[in-house]
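Naming convention: chains lettered A, B, ... in sequence-line order (proteins, then strands); numbering from 1 in each chain.
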Number of protein chains: 4
Amino acid sequence: MVNNILEATARILVERGYAGTNTNIVAERAGVSVGSVYQYFPNKDALIAALHAQHGEEMHAMMRSVILSTHGLPLAERLARLIHAQLAAHLAQPTLLRILELELQHLDEPKMSPSHERVVMEGMLSLLREHQDEFKPPEPQLAAWVLLNTAKALIHAAVISPPAGQDIVQLEAAITQSLIGYLQAACITPQPTAA
Amino acid sequence: MVNNILEATARILVERGYAGTNTNIVAERAGVSVGSVYQYFPNKDALIAALHAQHGEEMHAMMRSVILSTHGLPLAERLARLIHAQLAAHLAQPTLLRILELELQHLDEPKMSPSHERVVMEGMLSLLREHQDEFKPPEPQLAAWVLLNTAKALIHAAVISPPAGQDIVQLEAAITQSLIGYLQAACITPQPTAA
Amino acid sequence: MVNNILEATARILVERGYAGTNTNIVAERAGVSVGSVYQYFPNKDALIAALHAQHGEEMHAMMRSVILSTHGLPLAERLARLIHAQLAAHLAQPTLLRILELELQHLDEPKMSPSHERVVMEGMLSLLREHQDEFKPPEPQLAAWVLLNTAKALIHAAVISPPAGQDIVQLEAAITQSLIGYLQAACITPQPTAA
Amino acid sequence: MVNNILEATARILVERGYAGTNTNIVAERAGVSVGSVYQYFPNKDALIAALHAQHGEEMHAMMRSVILSTHGLPLAERLARLIHAQLAAHLAQPTLLRILELELQHLDEPKMSPSHERVVMEGMLSLLREHQDEFKPPEPQLAAWVLLNTAKALIHAAVISPPAGQDIVQLEAAITQSLIGYLQAACITPQPTAA
DNA sequence: GATGAATGAGTATTCATTCAT
DNA sequence: AATGAATGAATACTCATTCAT
C-alpha cells in the first residue's frame, strides 16, 4: 500500500509537477482512497519527503556499492565510476530526480538533509582518506564538499540542460575531469612512491 | 509603483517561500490594492518572472563589469574575481537568490532563461577565447558549460549549506581552485612561449 | 444533497437573479459547504443547467400526460387542456420559470435544448398528425413551430405581464383562441365528412 | 460621445454577451476613458438601458411609420406590413436584438417598459379601433396584447431558431396568418357591408 | 470636461484534511 | 484498516466605480 501510494505520487509529480500534485489525485491514481493516504502519511509533504528519503537511500546504496566494488582502483577511476553510475540513474528518470533534488529540495532539507546528506559526506570523506597517498587535501571536509556539490550540479545539468553538440560520453568525461582537476589543483599531490 | 510591488514580492518570497506568497499579501505589503498589482502584472507568476529578469540583468551586468575591469589579468585571476563578485552578491541576499535560482527556476526557464542564460554563456566563451594561449579547451562550449554550472552550484552551496568549519574565504578559494583545476585538467595547456 | 443544492439554487435564483446567484451563497443556503456543491456540479452554470434540465423533464412529462389523457377529444380541446396545464405550472412558480426560460435560455441552449426542444416538437407534430382530418396544415413542421412558440410566449406573458383588467380565465381562453385561429387560417380545413 | 459609447457597447454586447461586457472594455473600444463613460451614464446597466431605449424608439418609430403609410389598407395587409418591417429589422442585427429583448429584458423592464411598451400597446389599440368594422374584438386590450406578444415571439423565433426547411418568406406568411387567424377566431367579424 | 490609475469588494474554484461509516 | 463524502479556509483574479490631475 505504502509503495503503491509512493509510486503514484512519483508518477503524478513527473506528469504534473508539484503544484499539480494533490492528495486526492494521488489516491485515485494509486487506486486507494484519500483516507488511506492519510493513514500512512501525515500530510501531503510527507509524501514528497518519503520519496525523497527513498531516493536518498538508493543514491546512498549505489554510492556504497560502487565504492566497495572499486576497492583497490585509483581515486580517479573510482570517481569516474561514481559519476557514471549517478549519471545513469539520472538519465533513467530525469524528471522525477530533477523535481526531487531541485524544485523540492526546500521541502524537506530541514528534516531529511541531516541524515542523508551527512552519510554521503562521510562516504566521500572516507574515500578521500583511503587515497590520501594519491591526493591529500589539506581540508578533507572542504574537498568532499566541493566534489559532492560539483558532481551533483554537473550531473543535473547534463541531464536537464546539456550544452549543445555534446554527447553524454563527453559530458561524463568532463564531469570526471572537473573533479580530478580540482583535486590536482587543491592537493599537494603526494607523488605516489614509485616503489 | 512597479518597483514597490516587486520589492514587496521579494520580501514576502524570502519570508514565506513561493507557496506562501499570494497576490493579496503582496499588495497589502506594498501598500497598494490587489487591483494595482494586476494593473502591472498579468498574474502571480509574472511577479516572480519580473524578479527573475531583474536578477538576471544584475548578474549579467556584474559579470560584464568584472570581465571588462579585469582585462589584461590572467584567466585564473579573472575567474577568481568573478567568483568573488558573485559570492558577495549572494551573501548579500542569500534567501531571495536561492529561491529565485533554485526553487523557481522552473517557473520561467522556458520564457526568460534562453535570453539570459545564453548571454552569460557567450560571456564565458569569449573570456575563454581571450585566454586561449593560457588554456585552450578542445571544446570551448563544453568547458564554458562546466565552468558556469560548477561556479553556480558551489556559490549556492557556499551560501546555503557551507561545510562545517570553513570560512567564506576558504570556500571562495576552493571554488576558484575547482574552476582552474578543471581547466588545467581539460586543456592541453599551451605553455605560454617564454619569449 | 443534490436536490437540496438545486432547491437552494432555485430559491436564490428567484430572489436575486442570475447575477446575484453565487456558489457560496447557494452552499450556505443549502446548509452545505461550497466543496459539496462542487462535488456534484462542475461549475456554477452546471447548477443552472441542472435546474433547466429538471424543468424540461417536468414540462415534457406534463405535455405527454395531457396528450395521452385527452386522446379522442378534438384538437381544439386538447390544445386548450395543454395550455391550461402549462399555465397552471407557470402560475405556481412564475419567477423561476421566467428566469430559466427567458433570461437563461442562452446558458444551455447549445447543450440541452436540442434533446428537450426536439422532443416537444415531436410531440406537437404527432398531435397534429392524429388530427389531420380536423386540421391538415400544408407544412406540419411550420405549424408545430408556430403553435409552440405562440403558446410559450403567451403563457409567459400571461404570467409576467398580463394586460390590465383581464383575469387568467380570459387570458387562457385567448391563448387557446390564438392557436386555434392560426390552425383555421393556415389549414385547408378538411370538412370532416358528414358520414 | 454618447453615441460613440453606445455603439461600442452594442458591438461588445454582440461579440461577448452581457457577462463579457464591462465598462473598461466599452470605454477602450469607444476610444474614450472610463471616466467619460461615467460622465454620461451613471452605471453599467444604464448603458444597456440606453441601448434598450434607443431600440424602443426605433421600433416605435417604425411601427408608427408603417401604420401611417398603410392607412386605408385592410387590417390584414397592415399587420402583414408591420410583421415584414419588424422581421427585416431583426434580420439586420439579430444578435443585438436578441440580447436586448430576451436576455436583458429584465434589466430595465421595471424602468423603461412603462413608457415604451405602453406606447406600442396604444398604437396597436388605435389600429384595432380603426378597423373595428373588419374585426371588432370584444376586448381590444386583450386582443392587442395577444397580437403584440405573438408577433414578438414569432419574429424572434424566426430569426433565432427557425424551423428546419422553411425560408423566411414562409415564416413571415405564417406569422401573419397567426395574427389574422387569432382575430378571425376572437372577433365576431362584422361582415363589412357590401355597400 | 476628460482622463485613467487606483481601488477593493466580490466570486468561482481548489484541495488538504477530517471523520462517520 | 479502509473508505470517500463533506468540509471550508485559502486564493487568484475581475471589474464597477472613484477622484486627483
Side-chain angles (χ1 to χ4, degrees), chain A residues 1-2 4-5 12 16 18-28 30-48, chain B residues 1-2 4-5 16 18-28 30-47, chain C residues 1-2 4-5 16 18-28 30-47, chain D residues 1-2 4-5 12 16 18-28 30-48:
Chain A
M1 168 81 74
V2 167
N4 185 10
I5 293 171
I12 293 172
R16 321 175 45 147
Y18 179 69
T21 299
N22 72 271
T23 52
N24 294 285
I25 288 186
V26 165
E28 191 187 336
V32 303
S33 78
V34 225
S36 295
V37 172
Y38 279 87
Q39 191 90 43
Y40 297 104
F41 299 93
N43 55 48
K44 180 187 172 180
D45 284 358
L47 285 170
I48 314 288
Chain B
M1 169 81 69
V2 167
N4 185 10
I5 293 171
R16 320 177 45 148
Y18 178 70
T21 299
N22 71 269
T23 52
N24 295 288
I25 288 186
V26 165
E28 191 185 336
V32 302
S33 79
V34 226
S36 294
V37 172
Y38 280 90
Q39 187 109 45
Y40 298 104
F41 300 94
N43 55 49
K44 178 185 171 181
D45 284 359
L47 285 171
Chain C
M1 169 80 68
V2 167
N4 186 10
I5 293 171
R16 320 176 45 147
Y18 177 70
T21 299
N22 70 270
T23 52
N24 295 288
I25 289 185
V26 166
E28 191 186 335
V32 302
S33 80
V34 226
S36 294
V37 172
Y38 280 88
Q39 187 108 45
Y40 297 104
F41 300 93
N43 55 49
K44 179 185 169 181
D45 284 358
L47 285 170
Chain D
M1 169 82 74
V2 167
N4 187 10
I5 293 171
I12 293 172
R16 321 175 44 145
Y18 178 70
T21 299
N22 70 271
T23 53
N24 295 286
I25 287 186
V26 164
E28 191 187 337
V32 301
S33 78
V34 225
S36 296
V37 172
Y38 279 87
Q39 192 89 42
Y40 296 105
F41 300 93
N43 54 50
K44 179 186 173 180
D45 284 359
L47 285 170
I48 313 288

- prompt: Is there a Watson-Crick or G-U wobble partner for F:dA20 with both distances under 3.5 Å, and if so, which one is it?
  reply: E:dT3
task: Examine the base of F:dA10 for any acceptor or donor lying under 3.5 Å from a partner atom in the side chain of B:Asn24, and report the outcome as yes or no.
output: no
- prompt: Does B:Ser33 put a side-chain nitrogen or oxygen below 4.0 Å from OP1 or OP2 of E:dG8?
  reply: no
message: Return whichever of B:Ser36 or C:Thr23 has its heavy-atom-nearest nucleotide of DNA chain E closer to the 5' end.
response: B:Ser36
query: In whole Å, what is the span from the NZ atom of C:Lys44 to the C1' atom of E:dG10?
result: 11 Å
query: Given atom CZ of B:Phe41 and atom C1' of F:dT14, what is their separation to the nearest angstrom?
result: 18 Å
task: Let me know the distance between CG of C:Asn4 and C1' of F:dA5, rounded to the nearest Å.
output: 14 Å
message: What is the separation between atom CD on C:Glu28 and atom C1' on E:dA12, rounded to the nearest whole Å?
response: 16 Å
field: B:Asp45 CG - F:dT11 P separation (whole Å)
entry: 15 Å
Identified pairing partner of E:dT13, criterion: Watson-Crick or G-U wobble below 3.5 Å: F:dA10
task: Using whole Å, report how far CD1 of A:Ile25 lies from C1' of E:dT17.
output: 16 Å
query: For the pair made of CG in C:Leu47 and C1' in E:dA12, what is the distance, rounded to whole Å?
result: 11 Å
- prompt: Got a second to check how far B:Lys44's NZ is from B:Tyr18's OH, nearest 0.5 Å?
  reply: 4.5 Å
- prompt: Considering only side-chain heavy atoms of D:Val32, which listed nucleotide, E:dA2, E:dT3, F:dT17, is closest?
  reply: E:dT3
task: Report yes if the side chains of D:Phe41 and D:Thr23 come closer than 4.5 Å at any heavy-atom pair, otherwise no.
output: no
message: Reading DNA chain F from 5' onward, which residue's closest nucleotide shows up sooner: D:Asn22 or C:Val37?
response: C:Val37
task: Determine: side-chain N/O of C:Tyr40 to OP1/OP2 of F:dA5, distance under 4.0 Å, yes or no.
output: no
task: Identify the heavy atoms of C:Ala27 and C:Ser33 that sit nearest to each other, and give their distance.
output: CB-C, 3.6 Å
field: Minimum heavy-atom distance between B:Tyr40 and B:Ile5, given as atom pair plus value
entry: CD1-CD1, 4.4 Å
- prompt: If we only count heavy atoms from C-beta on, is the A:Ile25 to A:Arg16 side-chain gap below 4.5 Å?
  reply: yes
message: Please report the distance, rounded to the nearest Å, between CG in B:Asn43 and C1' in F:dT14.
response: 14 Å
query: Closest nucleotide of DNA chain E for C:Tyr38 versus for B:Met1: which of these residues is on the 5' side?
result: B:Met1
- line: Closest to the 5' end of DNA chain F, once C:Gln39 and C:Val34 are matched to their nearest nucleotides, is C:Gln39
